[in-house]
Novice: 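Supplied in C-alpha cells, the structure appears directly below.
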Amino acid sequence: MAVYSFNLNGKLTRVEVNSDTTLLETLRQHLGMTGTKEGCGKGECGACTVMVDGKAVNSCLILTSQMDGANVVTIEGLASEGVFDPLQDAFMEAGAVQCGFCTPGMIMSARALLLKNPSPTDEQIKESIAGNLCRCTGYVKIADAIKKAAASAKERGVETWKL
Ligand code: FES
Ligand code: FES
C-alpha cells in the first residue's frame, strides 16, 4: 500500500491503495465516486471514462499510482452547485439518455473533445465517442446532444468548456 495524491474534481485528494489498484477501483471503492461506471473492465466499453489532464481515458486501464499529481475530472465534477454542465443539459434535452449506464463515460469523452475543440465536425464527434458503447440509443441522439451543446456554447460566446 502507498499513498497517492492527485487533484480530483478540483480538490486535492489523497488515497492509500495498492500499487496495482486501478483508478476505476479507487474512484468507486475508495472514494465513493460511483458516477463512473464499470462495464467490461478491460478497455472495451468506455463506461469508465474520466478526464485525466484534459484527456478522456479509460479508468479501468490506468493505475492510481500513475495519477500522482494529475488532474482528474469525473462526472461528479461537472455539475456545479446543483447546476448541470451544458453538456449534461444537452444530453437530457436531446433524449440521449435511456438506461444511463453509458452516459457518464459518453459525457466525459465528449467533454474532452469540446475542451480541445469547441466546434467539432460530425466526424470528430463520432470519433470522440467511438470507444464508448451504448446499447440503447443508437448513438444519433448522443451525437445530436454534443452538436447542440457545442452550438449553444458558441452562441453564448463563453468559455463554457474550461474546467
Ligand atoms: Fe473500462 Fe469498459 S469498464 S472500458
Ligand atoms: Fe443505455 Fe447508453 S443509454 S447504454
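In listed order, ligands and their atoms are each counted from 1.
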Novice: Would V72 and T13 satisfy side-chain contact (heavy atoms from CB on, under 4.5 Å), going step by step from the backbone distance to the final call?
Specialist: CA-CA 10 Å; V72 180; T13 301; over 6 Å; no
Novice: Quick check: does any side chain N or O of N58 sit under 3.5 Å from a backbone N or O of E44, one acting as donor and the other as acceptor?
Specialist: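 No, N58 side chain to E44 backbone: no donor-acceptor pair under 3.5 Å.
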Novice: Got a sec, which pairs hit salt bridge (Lys or Arg N to Asp or Glu O under 4.0 Å) with one end in residues 63-80, sequence neighbours left out?
Specialist: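 Checked against salt bridge (Lys or Arg N to Asp or Glu O under 4.0 Å) - neighbours excluded - no pair reaches residues 63-80.
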Novice: How would you list, by chain and number, every residue that makes a salt bridge (charged side-chain N to carboxylate O under 4.0 Å, His left out) with D20, sequence neighbours excluded?
Specialist: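 None.
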Novice: Counting distance only, does the side-chain N/O of T121 pair as donor-acceptor with the main-chain N or O of Q124 below 3.5 Å?
Specialist: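 Answer holds: yes.
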Novice: For atom 2 (Fe) of ligand 1, which protein N/O/S atoms fall under 2.8 Å? Skip waters.
Specialist: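 C40 SG, C45 SG, with waters left out.
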Novice: So, does K37 use its side chain to make a donor-acceptor pair with the main chain of T34 at under 3.5 Å?
Specialist: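 Confirmed, K37 side chain pairs with T34 backbone.
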Novice: With a cut-off of 2.8 Å, which protein N/O/S atoms are close to atom 1 (Fe) of ligand 2, if we only count those under it?
Specialist: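 The answer, once waters are left aside, is C99 SG, C136 SG.
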Novice: Hey, is the main chain of T21 close enough, under 3.5 Å, to the side chain of T64 for a donor-acceptor pair?
Specialist: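 Pair found, side chain donor or acceptor close to backbone of T21.
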Novice: Would you say the side-chain atoms of R14 pair up with the backbone N or O of S5, donor to acceptor, closer than 3.5 Å?
Specialist: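 Not a single qualifying donor-acceptor pair exists.
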Novice: How far apart are the closest heavy atoms of T36 and S59, and which atoms are they?
Specialist: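 Where T36 meets S59 most closely, the heavy atoms are CG2-OG, 3.8 Å.
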